[in-house]
Amino acid sequence: MHPLLSRDLKRLPELLEQARNYAVSVLADLPSRPAAVPPAPKDAEPLPEEGIGSAAALEHFQRRWATGFSGSAGSRYLGFVTGGATPAAVVGDWLTGVFDQNVVSSSDSCATDLERETVGWLRELFGLSAEHSGAFVTGATMSNFVGLAIGREWVGEQLGVSIADDGLAAVGDIPVLSSSPHSSTFKALSMLGIGRNSVRRIPSLPGREAVDVDQLAAELEALDGRPAIVVANAGTVNTVDFDDLRALAELRQRHRFWLHVDAAFGGFAALSPRYADLVAGLDQADSICIDLHKWLNVPYDSGVQFSRRPDLQVRIFQNYATYLGLPGPDPDFVHLTPESSRRLRALPAWFTLTAYGRQGHREIVERDAALAQELGNRISAAPHLRLLAPVRLNTVCFTLAEQPTAEKIDALANAIARSGQTFLSPTVHQGVPALRAAVSNWRTTEDDLPKIMDALGCPAA
Ligand SMILES: *Cc1c(COP(=O)(O)O)cnc(C)c1O
């Protein structure tokens, strides 16, 4: 064994204690860490020829990198849709590395059962029936990718071919209908060979980001029985708008399409009776995308995909090898997602659900949504700001009251980032340059609002 490795092995308890102490101090200082740290340019260091051992590496990391990390795990990082990590989720994440299980097959470990149990819990949490099976993936992009891959295979099935076996050329173009798809849908369609240009944008309802169901029905009618994929959106990123999932599911009585729902963070509305109506009908989807590193507050990278057609899923993702065996009736995860070797990504989710349960996570959703509502109230009361949409769940979309231009919004976003108090993403909503503040962290409380408003130019009286 290399002498540094054998020294570290002997000192393992001490090294872990050092890492633990450091982690405790990082988390204790999280409230004062800047929400965002615009990075200064750095020259890459050469590959270490001789290592320095783990203790010195930890010190080097602290000096060279840690000071430049954002406070994205903290309570006032409102950019994109960014969750933190609950205490139990952090413990689960640490132990994922400690046990280093490969959830590829069920022959050598109960890790597969742990993942299946956790997927089952998530299914219940989001109000889905046992008709949905699922698997962990790295995030919502991969979840959309898997759902759309199954939709692609379903289209092939309708036309009497297996696209997994014979390729997309066997069916030609696949129409994909959606109103306000997330950018990751285009990315997934590119990876799937369906192509970004296959998306037919369906108009949304006036002033909304939710699909106009009549227009969608008309477009489906025009397909004249040709099978298609509909991507429904449950929680758009700008204004967190929701397609009417019940009405979309209903359309399947007359039209042939695969219904995929991107509920990356909007799916969490199901956790609260107050908001569950927003996702009524979710269970009727053919495939569903939900992100976990957002509102479940587990560390990156974690998402889950659900679908009603595990048989088609296996056709696509099966990874037959003599040592893995053929997928049986309850296929190993290696046959269900793009990855073969996989970390035990379910463990942080298992920990946080075990630690806080459905009620604990409902509380996070309801508190964050109430804080977004209050933030929206304060922003609409500010003379220099203007709301662009009602706050439906956890995101406030707003702009400058007077002549918002891309330059002014960028300047404001940069000034906010430099303040370190909060971090917001710039966007363009219906042609208007805007900002959005998404509240998705378990740590955020009422106490954060004055500091956020201060960064927006509204100092506390
Ligand atoms: C965040 C998000 C995605 C992509 O998620 P990643 O986890 O970043 O891959 C997809 N759809 C929606 C609606 C999202 O909010």
Side-chain angles (χ1 to χ4, degrees), residues 70 72-73 77-85 89 93 122 126 134-149 151 176 178-192 196 199 204 208-211 229-243 245 259-270 275 278-279 282 285 287-306 337-339 343 345-346 348-349 365 368-369 372 389 392-397 423-427 429 436-441:
S70 72
S72 63
Y77 187 100
L78 309 181
F80 312 101
V81 180
T82 303
D93 204 59
L122 291 166
F126 297 111
F136 273 76
V137 286
T138 52
T141 300
M142 282 319 276
S143 181
N144 279 330
F145 174 82
V146 172
L148 293 170
V176 178
S178 188
S179 167
S180 305
H182 186 266
S183 55
S184 61
T185 285
F186 294 95
K187 182 170 178 168
L189 293 171
S190 157
M191 292 193 284
L192 286 163
R196 298 173 193 269
V199 175
S204 53
R208 298 269 308 271
E209 287 185 303
V211 69
I229 296 174
V230 170
V231 178
N233 302 291
T236 55
V237 282
N238 271 351
T239 65
V240 193
D241 212 337
F242 290 78
D243 289 351
L245 300 179
L259 179 57
H260 174 74
V261 180
D262 182 351
F265 66 96
F268 283 83
Y275 301 104
L278 294 169
V279 288
L282 183 65
S287 56
I288 299 168
C289 154
I290 297 182
D291 230 339
L292 302 174
H293 52 219
K294 287 176 180 165
W295 227 353
L296 194 69
N297 279 261
V298 294
Y300 294 99
D301 46 14
S302 187
V304 64
Q305 60 74 218
F306 291 104
T337 67
E339 303 87 0
R343 69 196 261 108
R345 198 166 273 124
V365 167
D368 284 347
R392 290 187 190 85
L393 192 59
N394 67 331
T395 299
V396 188
C397 187
F423 182 74
L424 273 52
S425 315
T427 187
H429 177 59
R436 35 185 298 294
V439 187
S440 339
N441 193 300

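Counting starts at 1 for both ligands and their atoms, following the listed order.
Using a 3.5 Å distance cut-off with no hydrogens or angles, the side chains of Trp295 and Asn394 do not pair a donor with an acceptor.
For the side chain to side chain donor-acceptor pair (under 3.5 Å) test, residues two or more places apart in sequence or in another chain that qualify with Ser287 are Trp258, His260. Under the rule for a side chain to side chain contact (heavy atoms under 4.5 Å, CB included), the partners of Ser204 that lie at least two apart in sequence or sit in another chain are Ser179. When the ring-ring contact (aromatic ring centres under 6.0 Å, His included) test is applied to Phe80, no partner is found at least two apart in sequence or on another chain.
Ring pair His293/Tyr300 is tilted by interplanar angle, where 30° to 60° counts as tilted.
Between the OG atom in Ser72 and the CG atom in Asn441 there is a gap of 9.0 Å [rounded to 0.5 Å].
Contacts of ligand 1 (protein heavy-atom distance under 4.0 Å) are Gly139, Ala140, Thr141, Asn144, His182, Ser184, Gly235, Val237, Asp262, Ala264, Phe265, Asp291, His293, Lys294.
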